[in-house]
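Order of the sequence lines fixes the chain letters, A, B, ..., with proteins taken first and strands second; residue numbering starts at 1 for each chain.
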Amino acid sequence: MSQSDKEIAYNSKVEGGVVTSRLDSVINWVRSNSIWPMPMGLACCGIELMAVGASRFDISRFGAEVMRFSPRQSDCMIVAGTVTYKMAPAVRRIYDQMAEPKWVIAMGACASSGGMYRSYATMQGVDRILPVDVYVSGCPPRPEALLDALIKLQKKIGTERSAKQLVSA
Amino acid sequence: MDDNFLSKLLDSHSYLTQRDSADHPAVNCPIERWVECATSLRDDLGFDLLVDVTCIDWFNESPRFSAVYHLLSSTSHQYVRVVVDIPDDENPSVPSVTDLWAAADWHEREAYDMFGVSFEGHPNLRRILMWDSYPWHPLRKEFPLAGHETELPDVEVSEETETPVIPAPMAGGPFVSSDHSGTMSKNEPRGADQSWSEEDVKR
């Protein structure tokens, strides 16, 4: 048996430096820990969203501190606030410009269901124009609630069949 | 503040009539003398600040619409409210005062948007809150709070998402506080129809 065959079978020099895993797990791990949010601050929820980004709550602990105001560079739209019918097409167009894969968090009562705004001017939930992944209750939600939503989104990303989608795309 | 302001105003402007008011002095002004009145108020009496322009829809009465102007003098600290009845019920219109107060620009656009009252001579009389193609004037009395079904402002998005503007589900609303006994959490204003709720139907 030649020397090179032994190295394929076992090489003590790289022991501990190699981890075997499923491709899905690796892709999902990378994606879920580096979510770049698109902050869609439309009302008072936007202020809580800013608090989540600031030092006290510090969304960077979860790898999502890179707020991108360019939709082409972001993964997750956080719809924070009241979606009026006048604003709705703009929200949808910004979502359309985001690169796949992309996710949506509906933050607060207004974005989830129209909230207290039962009127002619307010869209009754942004899920009528966008596919929402996580809804956050509250008016506005506490920053912890948004962090919880982010963790839930990370778990959801962890269950996706990413490798298969990459091949089929 | 001048306690005799209202009587002096009525004396010096014979076409004005007194109007019931719970707070500030208020007068009615005939529409054909409104611009003259506004010019006099600004130049002679020092009402240099236009605080608000709005309208009233009296619905089944005639004249149906009244334009309401709130003015403040920054020198004498005097408020005055001037109400102009609009004789035309079908196509209500009133002279614009954008030439006198620049603040009238957006206020008159809002009143036009919400009530459909056009302001003659306005340099840019477009809707300011609703989108340009919106077919209704929401603060008119016949307009339901829930709204009417119509297209989204962006037709492409409307077609792609198959989402029109739909009337809001009012659930027996607007929110009402019905029962004034018991705890505050039971009394907080809510829609009369609670059939969506997991709890029992509330009064």
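Looking only at heavy-atom pairs under 4.5 Å with chain A, the residue among B/P167, B/G147, B/P138, B/P144 that has the most is B/P138.
Of all residues spanning residues 93-132 of chain B, those with a heavy atom less than 4.5 Å away from chain A's heavy atoms are B/M114, B/I128, B/L129, B/M130, B/W131, arranged by number. Applying a 4.5 Å heavy-atom cutoff, the residues of residues 148-159 of chain B that approach chain A are B/L152, B/P153, B/D154, B/E156, B/V157.
Minimum interatomic distance between B/A168 and A/Q124 (heavy atoms only, all atoms of both residues): CB-NE2, 3.8 Å.
Rounding to the nearest 0.5 Å gives a distance of 12.5 Å between OG1 of B/T161 and OH of A/Y95. The distance from atom CG of A/D96 to atom CD of B/E160, rounded to the nearest 0.5 Å, is 5.0 Å.
For A/R128, the parts lying near chain B are the backbone and the side chain together; criterion is any non-hydrogen pair under 4.5 Å. With a threshold of 4.5 angstrom between heavy atoms, B/E162 does not approach chain A through any atom at all.
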Between B/I166 and A/Y85, is the side chain to side chain contact (heavy atoms under 4.5 Å, CB included) condition met? List the steps.
CA-CA 10 Å; B/I166 57 164; A/Y85 281 118; 3.7 Å; yes
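Screening residues 43-63 of chain B for salt bridge (charged side-chain N to carboxylate O under 4.0 Å, His left out) gives B/D57-B/R64 as the qualifying pairs, with residues at least two apart or on separate chains. Within the structure, no pair that satisfies the salt bridge (charged side-chain N to carboxylate O under 4.0 Å, His left out) test touches residues 29-40 of chain A, not counting sequence neighbours.
Atom CZ of A/R61 has more than 12 neighbouring heavy atoms from other residues, nucleotides or ligands inside a 6.0 Å radius.
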